[in-house]
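Worksheet: one structure, shown below.
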Protein chains: 2
Amino acid sequence: MRKPYQPAASDIRLSAVLYALSDPRRLQIVQSLKDQAEQNCAVYHELMPKSTLTHHLKVLREAGVAKVRIEGTQHFYSLRTEELDQLFPGLMSAVLNAPPDLIE
Amino acid sequence: MRKPYQPAASDIRLSAVLYALSDPRRLQIVQSLKDQAEQNCAVYHELMPKSTLTHHLKVLREAGVAKVRIEGTQHFYSLRTEELDQLFPGLMSAVLNAPPDLIE
DNA sequence: TTTATTGTTCCAGTTTTTTAGTACAATAGG
DNA sequence: CCTATTGTACTAAAAAACTGGAACAATAAA
């Protein structure tokens with residue numbers, strides 16, 4: 001497993017971020033990354049098959065919403081909250097603090 | 001032309017709003033509605049064909065991002081900023097104030 | 001070295017979205 | 001009534017996205 005692509009902060013684009021955040025399953029993932037500093041993929045395996053999860057995490061990564069730290073065979077995901085806050089102030093907090101019943 | 005569907009504020013969902021905002025052409029429309037209180041469709045006819053414009057405005061409407069007021073044969077569009085601000089505080093201002101070069 | 005764990009890549013099938021042409025509907029004005 | 005204006009509805013084709021199975025790659029552990 002080679003290092004996955006993650007855009008530099010300067011390459012993050014609003015339309016891509018919004019797109020990544022617009023899928024209910026990805027929004028679910030993002031919500032669950034809200035509290036945890038880092039989260040292992042395994043947590044989501046109950047929600048969807050491995051390959052589907054990989055796909056959604058890839059979309060989040062390539063949009064610049066999430067980043068990953070690899071340790072052995074495990075991948076720890078987290079949100080790029082600080083960088084996103086610099087680029088689009090208020091966006092992530094608006095998404096993360098949305099009332100749960102208004103998400104999907 | 002009958003009255004187009006627009007969701008009540010209580011039926012607006014975050015994933016739908018984010019999805020509506022994630023398309024570059026729709027983001028362009030939304031940006032241009034930022035300043036104007038209301039805007040006639042005709043403005044965008046240089047950017048895309050009529051039927052394509054109708055489609056994108058429909059997505060924005062049905063997601064609850066935009067609303068329309070009909071006067072004769074003319075349709076005046078505007079953003080539902082206040083309602084969205086109530087539901088997802090900070091979201092629209094984050095989108096509307098994004099640096100132009102970071103949008104697409 | 002063998003086996004288990006963790007996650008990716010590849011692939012195909014299905015669904016959704018985007019785009020735009022053409023025809024149609026509604027109103028306004030002469 | 002006839003015509004222009006404004007925008008929708010319908011339609012179809014192309015592009016993109018979502019889903020998940022199966023095979024593969026990399027590390028860890030026995």
Side-chain angles (χ1 to χ4, degrees), chain A residues 1-7 13 15-30 32-33 36 38-78 103-104, chain B residues 1-7 13 15-30 32-33 36 38-78 103-104:
Chain A
M1 291 175 209
R2 64 176 177 285
K3 185 75 177 298
Y5 168 72
Q6 292 172 187
R13 291 293 173 271
S15 54
V17 170
L18 292 173
Y19 173 73
L21 293 172
S22 72
D23 181 88
R25 271 175 151 175
R26 289 195 292 268
L27 217 38
Q28 189 176 20
I29 293 173
V30 167
S32 88
L33 287 172
Q36 272 74 27
E38 287 186 319
Q39 184 111 32
N40 188 280
C41 296
V43 181
Y44 307 107
H45 284 169
E46 295 170 12
L47 301 176
M48 60 193 101
K50 293 193 301 179
S51 55
T52 303
L53 176 61
T54 295
H55 163 67
H56 286 304
L57 288 173
K58 182 179 181 184
V59 173
L60 289 170
R61 251 195 303 103
E62 295 187 343
V65 174
K67 62 176 184 286
V68 63
R69 184 176 60 81
I70 300 177
E71 193 175 314
T73 60
Q74 299 199 75
H75 291 205
F76 296 96
Y77 275 84
S78 57
I103 290 179
E104 191 183 349
Chain B
M1 293 174 209
R2 64 175 177 286
K3 185 74 176 299
Y5 169 72
Q6 291 172 189
R13 291 294 172 271
S15 54
V17 170
L18 292 173
Y19 173 73
L21 292 173
S22 72
D23 180 87
R25 272 176 148 174
R26 288 194 291 267
L27 217 38
Q28 190 177 19
I29 294 173
V30 167
S32 89
L33 286 172
Q36 272 76 27
E38 287 186 318
Q39 183 111 35
N40 188 278
C41 296
V43 180
Y44 307 106
H45 284 168
E46 293 170 14
L47 300 175
M48 59 193 102
K50 292 194 301 178
S51 55
T52 303
L53 176 62
T54 295
H55 164 68
H56 287 304
L57 288 173
K58 183 179 181 182
V59 173
L60 289 170
R61 250 194 305 104
E62 295 187 344
V65 174
K67 63 176 183 285
V68 64
R69 183 176 61 81
I70 301 178
E71 193 175 314
T73 60
Q74 298 200 76
H75 291 205
F76 295 96
Y77 275 84
S78 58
I103 289 180
E104 190 182 352

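Fair warning: this is a prediction, and the values are worked out from it, not measured in the lab. Below, read A as the first sequence line, B as the second, and so on, with proteins coming before strands; counting in each chain starts at 1.
Taking side-chain N and O atoms only, B:H56 has a distance below 4.0 Å to OP1 or OP2 of C:dT19. Contact between the side-chain N/O atoms of B:Y19 and the OP1/OP2 oxygens of C:dT18 is found at a separation under 4.0 Å. Proximity of A:R25 to the phosphate of D:dG20: a side-chain N or O atom is located under 4.0 Å from OP1 or OP2. In terms of phosphate contacts, A:H75 brings a side-chain nitrogen or oxygen within less than 4.0 Å of OP1 or OP2 of C:dT8.
For B:A16 against B:A63, the heavy-atom pair with the smallest separation is O-CB, 3.5 Å.
If you measure from atom NZ of B:K58 to atom C1' of C:dT19, you get 15 Å, rounded to the nearest angstrom. If you measure from atom CD of B:E62 to atom P of D:dA9, you get 9 Å, rounded to the nearest angstrom. D:dT8 atom P lies 13 Å from atom CE of B:M48, rounded to whole Å. Between the OH atom of A:Y77 and the P atom of C:dG7 there is a distance of 9 Å, given to the nearest Å. Taking atom CG of residue B:L53 and atom P of nucleotide C:dT18, one finds them 14 Å apart after rounding to whole Å. One can place CD1 of B:I29 at 11 Å from P of C:dT18, the figure rounded to the nearest angstrom. When rounded to the nearest whole Å, the span between CG of B:L57 and C1' of C:dA20 equals 15 Å. Atom CD in A:E104 sits roughly 14 Å away from atom C1' in D:dC18 (whole-Å rounding).
In this structure, the nucleotide among C:dT18, D:dG7, C:dT6 sitting nearest to the side chain of A:K50 is C:dT6. For B:T73, whose side chain is taken as the heavy atoms from C-beta onward, the closest listed nucleotide among D:dT5, C:dT19, D:dG21 is D:dT5. Closest to the A:P49 side chain, of the nucleotides C:dA20, D:dG21, D:dC18, is D:dG21. Relative to the side chain of A:D23, the nucleotides D:dC18, C:dG7, C:dA20 differ in distance, and D:dC18 lies closest.
Considering CG of B:L57 and CG of B:L53, their distance stands at 4.5 Å, rounded to 0.5 Å. Once rounded to the nearest 0.5 Å, the distance linking CG of A:L47 with CD of A:Q28 reads 5.0 Å.
Comparing A:H55 and A:E71 by the nucleotide of DNA chain D that holds the closest heavy atom to each, the one mapping nearer the 5' end is A:H55. DNA chain D is contacted by both A:G72 and A:R26; A:R26 maps to the nucleotide lying nearer its 5′ end (nearest heavy atom per residue).
At a cut-off of 3.5 angstrom, the base of D:dG21 holds at least one donor-acceptor pair with the side chain of A:S51.
Inter-residue side-chain proximity for B:R69 and B:Y77 is flagged as unmet; no heavy-atom pair is nearer than 4.5 Å.
Counting heavy-atom neighbours within 6.0 Å of B:K58 NZ, excluding the residue itself, gives a total of 12 or less.
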